[in-house]
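Position 1 is the first residue of the sequence, and the numbers go up from there.
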Amino acid sequence: MNDIKRIVKRSGSSFFWCMRFLPLAKRNAMYTLYAFCRHIDDVVDENDLSMSEKLNLIQAWRDELDNIYDKKVPTTDIGRKIYKNCMRFKLPKEELLRLVNAVAMDIPNPVQAPSMKEFYAYCRGVAGAPGVLTLRILGCNDENLINDLATSLGNALQITNILRDVKEDAEANRLYIPKEILRKAQIDSTSPEEVVTHKNISYAREELGKLAEEEFNKAHELIQKLDKKIARPVRAMASIYYRYFHIMKHRGWEVISPKPQLSKWNKFTIAAKAYFAGK
């Protein structure tokens with residue numbers, strides 16, 4: 001388990017500090033889930049892998065999930081950790097598959113200016129699915145609340161990531177800003193490089209920011225419905241991401257670089273304040 005913990009801590013993720021105060025079994029499950037998400041991301045982003053190798057690895061993970069849920073011996077270290085640390089929390093297989101399939105939307109071709117429908121499907125997969133799994137691990141049993149909160153907070157967090165990473169994504173030939181928002185900002189191109197250098201990029205980012213703020217507000221209301229112990233790490237994660245969002249909003253949407261950064265101490269203090277606020 002130490003290897004999994006090192007993966008999470010070394011990544012500098014906000015996730016580490018938000019889950020640090022959980023009981024051991026839940027903490028191990030959350031770190032394992034994060035390591036799985038990180039691994040799938042790395043498969044898609046790995047420059048040394050051919051497209052066929054990436055597609056084969058993604059399919060191998062679908063097969064590995066079959067092994068886990070069919071109670072066969074998993075073939076990977078992370079698969080074995082998922083079986084050992086996560087399955088006691090009765091995680092739905094369809095959400096893990098939704099996560100894998102959403103991350104795989106960038107292969108064989110990078111996502112570029114998706115429709116709003118595709119955009120929200122992507123957010124639901126890469127951020128909402130981990131949210132569903134997280135809430136189950138934390139102990140929430142209200143299916144409607146799980147889905148609504150995971151969707152709204154997942155949208156808020158993923159849109160914040162997209163706003164933060166717009167320049168890096170363009171360098172990787174990716175563009176997650178929906179085409180409807182580009183049209184509203186009077187940006188005709190869907191070329192990532194042309195969009196991020198367009199004079200109206202600030203308008204597009206501002207419109208996307210409005211969507212994020214709406215989702216943060218929805219999530220905040222839903223978090224109030226959670227049991228206090230369950231709400232603490234969720235509130236901590238939302239608070240850290242809202243800080244990133246706040247930095248971008250107040251420095252101006254025309255500023256795309258450098259992306260906002262928070263030190264480990266900043267993340268820890270924000271997480272701790274949010275975590276213990278509900279005590």
Side-chain angles (χ1 to χ4, degrees), residues 1 4-5 8-9 13-37 69 81-99 120 123-161 212-246 262 266-279:
M1 191 62 208
I4 294 290
K5 181 179 177 181
V8 180
K9 190 172 184 179
S13 170
S14 307
F15 194 94
F16 176 80
W17 300 108
C18 297
M19 303 302 162
R20 188 70 186 88
F21 305 107
L22 289 176
L24 182 61
K26 292 184 178 181
R27 188 165 71 244
N28 286 345
M30 290 305 307
Y31 288 168
T32 300
L33 176 61
Y34 177 85
F36 172 66
C37 295
Y69 281 85
K81 291 291 196 306
I82 291 172
Y83 187 84
K84 177 182 177 183
N85 298 320
C86 300
M87 297 313 293
R88 71 182 72 181
F89 298 103
K90 299 180 180 179
L91 304 184
K93 179 182 179 182
E94 61 268 21
E95 291 296 337
L96 287 163
L97 283 172
R98 190 197 296 260
L99 167 63
Y120 279 120
C123 290
R124 179 60 177 80
V126 299
V132 168
L133 301 170
T134 294
L135 287 167
R136 283 181 170 273
I137 291 170
L138 294 177
C140 185
N141 297 312
D142 185 327
E143 293 297 331
N144 290 329
L145 181 55
I146 287 174
N147 182 69
D148 292 347
L149 178 53
T151 299
S152 60
L153 187 56
N155 287 341
L157 269 53
Q158 190 58 30
I159 293 172
T160 300
N161 279 336
E213 194 135 41
E214 289 175 5
E215 298 290 2
F216 273 119
N217 290 336
K218 289 180 190 175
H220 177 74
E221 292 179 4
L222 291 167
I223 289 171
Q224 311 309 310
K225 299 180 180 182
L226 291 172
D227 175 89
K228 287 185 177 181
K229 288 184 178 180
I230 298 173
R232 288 168 190 156
V234 179
R235 188 186 304 113
M237 180 66 72
S239 296
I240 289 176
Y241 270 79
Y242 192 76
R243 179 67 62 86
Y244 284 124
F245 177 81
H246 183 270
L262 293 173
N266 289 150
K267 293 175 185 177
F268 173 77
T269 54
I270 294 169
K273 183 178 179 180
Y275 196 95
F276 293 109
K279 277 201 166 235

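- Residue Cys140 comes nearest to Ile230 through the heavy atom pair N-CD1, 3.5 Å, listed as atom of the first residue, atom of the second, then distance.
- Not a single side chain to side chain donor-acceptor pair (under 3.5 Å) links Asp227 to another residue, sequence neighbours left out.
- Applying the 6.0 Å contact sphere to CG of Asn141 captures no more than 12 heavy atoms from other residues, nucleotides or ligands.
- Arg243 pairs by the side chain to side chain donor-acceptor pair (under 3.5 Å) definition with nothing, not counting sequence neighbours.
- One finds the OH atom of Tyr241 at 10.5 Å from the CG atom of Leu262 (value rounded to the nearest 0.5 Å).
- Contact of the Arg27 side chain with the Leu24 side chain is registered, since non-hydrogen atoms from C-beta on lie closer than 4.5 Å.
- A salt bridge (charged side-chain N to carboxylate O under 4.0 Å, His left out) check over residues 131-140, counting only residues at least two apart or in different chains, returns the pairs Arg136-Glu143.
- In plain terms, the two heavy atoms of Ala212 and Phe245 that are nearest each other are CB-CE1, 3.8 Å.
- A pairwise comparison of heavy atoms in Leu33 and Ile137 identifies CD2-CD1, 4.4 Å as the closest pair.
- Residues Ala271 and Ala236 approach most closely at O-CB, 3.7 Å, considering heavy atoms.
- The distance from atom OH of Tyr69 to atom CD1 of Ile82, rounded to the nearest 0.5 Å, is 8.0 Å.
- Tyr242 and Phe216 have perpendicular rings, their planes meeting at more than 60° on a 0 to 90° scale where under 30° would count as parallel.
- With a 6.0 Å radius and a threshold of 12 heavy atoms from other residues, nucleotides or ligands, Lys225 has its NZ atom at or below the threshold.
- Between the NZ atom of Lys218 and the CG atom of Leu222 there is a distance of 9.5 Å, given to the nearest 0.5 Å.
- Nearest heavy-atom pair across Asn85 and Arg88 is O-NE, 4.1 Å.
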Subject >> side-chain contact (heavy atoms from CB on, under 4.5 Å) evaluation trace for Leu135 with Leu226 >> reply: CA-CA 10 Å; Leu135 287 167; Leu226 291 172; 4.3 Å; yes

Identify every side-chain donor-acceptor pair in residues 146-161 under 3.5 Å, counting partners at least two apart or on other chains, and give the distances.
residue : atom : partner : partner atom : Å
Asn147  : OD1  : Arg124  : NH2          : 3.3
Thr151  : OG1  : Arg124  : NE           : 3.4
Thr151  : OG1  : Asn147  : O            : 2.7
Ser152  : OG   : Asp148  : O            : 3.1
Ser152  : OG   : Leu149  : O            : 3.3
Asn155  : ND2  : Thr151  : O            : 3.2
Asn155  : ND2  : Glu215  : OE2          : 3.2
Thr160  : OG1  : Ala156  : O            : 2.8

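- Annotation: the span from Cys86 atom SG to Leu96 atom CG amounts to 8.0 Å, rounded to 0.5 Å.
- Take Phe89 and apply the ring pair (Phe, Tyr, Trp, His ring centres under 6.0 Å) test, not counting sequence neighbours, and it matches no residue.
- Atom NZ in Lys273 sits 12.0 Å away from atom CZ in Arg235 (nearest 0.5 Å).
- In this structure His220 satisfies the ring pair (Phe, Tyr, Trp, His ring centres under 6.0 Å) test with no other residue, sequence neighbours excluded.
- The structure places CG of Leu138 at 11.5 Å from CZ of Arg232, a figure rounded to the nearest 0.5 Å.
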